[in-house]
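Quick notes on the structure that follows.
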Amino acid sequence: MRTATLGPAQRAEALARMAERELDVLVVGAGVVGAGTALDAVTRGLATGLVEARDWASGTSSRSSKLIHGGLRYLEMLDFALVREALKERGLLLERLAPHLVKPVPFLYPLRHKGWERFYAGSGVALYDAMSVSSGHGRGLPVHRHLSRRQALRVAPALRKDALVGALQYYDAQMDDARYVATLVRTASEYGAHCANRARVVGFLREGERVVGARVRDVEGGQGRPGEYEIRAKQIVNATGVWTDDTQALIGERGQFHVRASKGIHLVVPKDRIHSSTGLILRTEKSVLFVIPWGRHWIVGTTDTDWDLDKAHPAASSADIDYLLEHVNSVLAVPLTRDDVQGVYAGLRPLLAGESDATSKLSREHTVAHPVPGLVVVAGGKYTTYRVMAKDAVDEAVHGLDQRVAECVTEDVPLVGAEGYRALWNGRARIAARTGLHVVRVEHLLNRYGSLTEELLDLIAASPGLGEPVSGADDYLRAEIVYAASHEGARHLDDVLTRRTRISIETFDRGTRSARECARLMAPVLGWDEQQIEKEVEHYEKRVQAERESQRQPDDQTADAARLGAPDIVPL
């Protein structure tokens, strides 16, 4: 099977092919649920299309806590079915579907009270581990362990001695959420789905009550290409997350449920600011706070506040940042300051607000409905259980298809890059010797691309300069920037610095030092002239400036106004 490439030519071809003949299923929205739905549909043998108004995962699915987890706090709510479901998915991703992208991560839970708390929390974590093993996919993670205060301070010296009397350590998993979605899209494309980003649904096609297709605008435009396409489909799946209500409004129908947005922000700080060999999970008055290992950094998050302002660019305010710093500093011996914060990002959770008994509630977390013939809506949920949501959405769509359709098979469909990954990992020293790259560089590539690493090594072999690190962002090779544009659907500098890599949150300059070099690397692939290169760099610098300004504002309203000071490079 050839490896799917999502370059400019493939995008143009996908739009043209979708407009040529009626699809079985058209998925709107390429976050993790939409991308997962496209993969589910196409691997059942259905003619499938996927369109996204902006970039893959540009909304919620690139701004999460980067965790694949069962949800310990749901055990406290006695929602055992949800935890079991999530733990099964965690195990599948670690062991079979994406071992190159999903990795184990340890967490330390500090105990503040002697006696009862160790018994209470320990029982919960023991049940968590037992449910993981009983799911049939949980043997790959170490079991939890009880630690004394001295043992806890040995693995996490950053903690204040008076912040704990002991601790529990357990394991969950993490991934780069945006990279995971891009890999999902490529996998769907490999099996035959037509996938196009920067393609916005501006209206639905109707025949009487039935929705029979969508009008899709190519927001990139381009000489010789039509600006708008009519794409017909027997079933359309609305998987637009926090934009669900906006998409539903295009058919003029009142939805059976509403989706409201809750904002969560995260801070990124350098590894040396918190001396610990394990992540941390801390209780707050509202929920929990995570300190998550992230390469040469830590991610600290998250908040949970209502958001009814701009959905495309949720803004972190000064108050949000202070909240996180105050809570994490309550347990740290050496407090973090604003100067320690390298990056900040804000995302929106799509939370359900039901309004109809007709809503088909398939779990506590997500909902699937069929509001009008030809249109399925899937909303809510959590990243970890995206595959279950996708299955439920396609099952619902299948009810409206006049044909026999196979059952879901995605439990046995590894993502591109997974096959052969472990063998390559075992041979990483030989790859390093063969290519001249340091073994650490090879490990970095394998954990981002899996067996697709060979495609990047081919680029470097053809142009050795691509084996050099990006200026101002030493963790990434120049080949990765070219590959993002040629193989992963990146259309703009912002796509590369923010989602294909994490340069925008992993450097103190937020990627501005790397911007021009990256734009020049992308230019030959995307056909940019000097004017477009300058436009891309200027837009990115304005975006960074607007984000920095928003993070100095005292509240959501002023932060939102400041962030909107930088317009999108492609107006929607």
Side-chain angles (χ1 to χ4, degrees), residues 31-41 43-44 61 64-107 123-144 170-177 180-181 183-184 187-188 239 281 288 290 360-368 378-396 406-415 418-419 421-422:
V32 71
V33 176
T37 300
L39 178 59
D40 188 293
T43 53
R44 296 194 198 198
S61 294
S64 74
S65 297
K66 325 295 185 210
L67 292 178
I68 296 291
H69 62 132
L72 257 180
R73 65 192 179 96
Y74 294 116
L75 282 182
E76 273 195 308
M77 303 174 191
L78 305 181
D79 200 336
F80 302 116
L82 180 64
V83 176
R84 186 183 299 278
E85 179 181 84
L87 287 172
K88 177 190 172 184
E89 294 302 312
R90 185 190 71 177
L92 277 170
L93 295 174
L94 278 165
E95 296 169 12
R96 182 188 302 169
L97 302 185
H100 55 315
L101 301 177
V102 181
K103 304 293 177 183
V105 60
F107 284 102
S123 299
V125 177
L127 178 59
Y128 196 65
D129 282 349
M131 291 173 73
S132 175
V133 172
S134 70
S135 74
H137 298 282
R139 299 186 185 278
L141 291 178
V143 297
H144 75 284
Y170 73 99
Y171 278 77
D172 256 320
Q174 70 176 162
M175 51 42 209
D176 182 328
D177 48 10
Y180 191 93
V181 173
T183 308
L184 260 181
T187 308
I281 177 172
V288 293
F290 285 103
S360 171
K361 195 104 179 252
L362 297 175
S363 87
R364 190 180 187 282
E365 284 280 290
H366 73 270
T367 296
V368 174
V378 56
K382 54 190 286 188
Y383 202 110
T384 303
T385 54
Y386 82 87
R387 198 189 61 82
V388 178
M389 296 174 66
K391 173 187 179 297
D392 292 342
V394 178
D395 283 347
E396 186 69 28
E407 292 294 314
C408 171
V409 297
T410 54
E411 193 170 312
D412 297 304
V413 178
L415 272 56
E419 190 174 345
Y421 159 72
R422 289 191 174 93

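Given the structure is predicted, the values throughout are model-derived calculations rather than measurements. The first residue in the sequence is number 1, and the count goes up from there.
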Verdict with reasoning, V378 to D392, per side-chain contact (heavy atoms from CB on, under 4.5 Å) | CA-CA 8 Å; V378 56; D392 292 342; over 6 Å; no
Would you please test V388 and H366 for side-chain contact (heavy atoms from CB on, under 4.5 Å) and show each step?
-> CA-CA 10 Å; V388 178; H366 73 270; 4.2 Å; yes
Decide side-chain contact (heavy atoms from CB on, under 4.5 Å) for V368 and K391; before the verdict, give the C-alpha distance in whole Å, the side-chain angles of both, and the deciding distance to 0.1 Å.
-> CA-CA 10 Å; V368 174; K391 173 187 179 297; over 6 Å; no
Do F107 and L67 pass the side-chain contact (heavy atoms from CB on, under 4.5 Å) test, and can you show the C-alpha distance, the side-chain angles, and the key distance before you say yes or no?
-> CA-CA 12 Å; F107 284 102; L67 292 178; 3.7 Å; yes
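The side-chain hydrogen bond (donor to acceptor under 3.5 Å, both in side chains) test applied to S65 returns H266, not counting sequence neighbours. Checked against salt bridge (charged side-chain N to carboxylate O under 4.0 Å, His left out), R96 has the following partners two or more places apart in sequence or in another chain: D412. Scored by the side chain to side chain contact (heavy atoms under 4.5 Å, CB included) test, L97 finds L92, L93, R387 as partners (sequence neighbours excluded). Listed by chain and number, the residues in a side chain to side chain contact (heavy atoms under 4.5 Å, CB included) with A390 are T37, D40 (sequence neighbours excluded). Applying the salt bridge (charged side-chain N to carboxylate O under 4.0 Å, His left out) rule to K382 yields no partners; only residues at least two apart in sequence or on another chain are considered. Under the rule for a side-chain hydrogen bond (donor to acceptor under 3.5 Å, both in side chains), the partners of R84 that lie at least two apart in sequence or sit in another chain are S134. Among residues two or more places apart in sequence or in another chain, the salt bridge (charged side-chain N to carboxylate O under 4.0 Å, His left out) test is passed with D177 by K66, R502. Among residues two or more places apart in sequence or in another chain, the salt bridge (charged side-chain N to carboxylate O under 4.0 Å, His left out) test is passed with E419 by none. Listed by chain and number, the residues in a side chain to side chain contact (heavy atoms under 4.5 Å, CB included) with A173 are I68, R90, L94, V102 (sequence neighbours excluded). For Y170, there are no side-chain hydrogen bond (donor to acceptor under 3.5 Å, both in side chains) partners at least two apart in sequence or on another chain. Applying the side chain to side chain contact (heavy atoms under 4.5 Å, CB included) test to P414 and every residue at least two apart in sequence or in another chain returns A418. By the ring-ring contact (aromatic ring centres under 6.0 Å, His included) test, Y180 is found to be paired with Y386, residues two or more places apart in sequence or in another chain being considered.
Closest approach of A41 to V394, counting heavy atoms only: N-CG2, 4.0 Å. Scanning both residues, Y128 and G70, for their nearest heavy atoms gives OH-N, 2.8 Å. Shown here for P99 and R422, the closest heavy-atom pair between the two residues is CB-NH2, 3.4 Å. Of all heavy-atom pairs between G34 and A239, the closest is CA-CB, 3.7 Å.
A side-chain contact (heavy atoms from CB on, under 4.5 Å) with R44 is found for exactly one of T410, L39, D395, namely D395.
At a threshold of 4.5 Å between non-hydrogen side-chain atoms, the residues Y421 and L415 do not count as touching.
Rounded to the nearest 0.5 Å, atoms CG (L127) and NE2 (H144) are 10.5 Å apart. Distance CG/L87 to OG1/T385: 11.5 Å, rounded to 0.5 Å.
Formation of a donor-acceptor pair under 3.5 Å by the S61 side chain with backbone atoms of V32 is found in this model. Between the side chain of T384 and the main chain of H69, a donor-acceptor pair closer than 3.5 Å is present.
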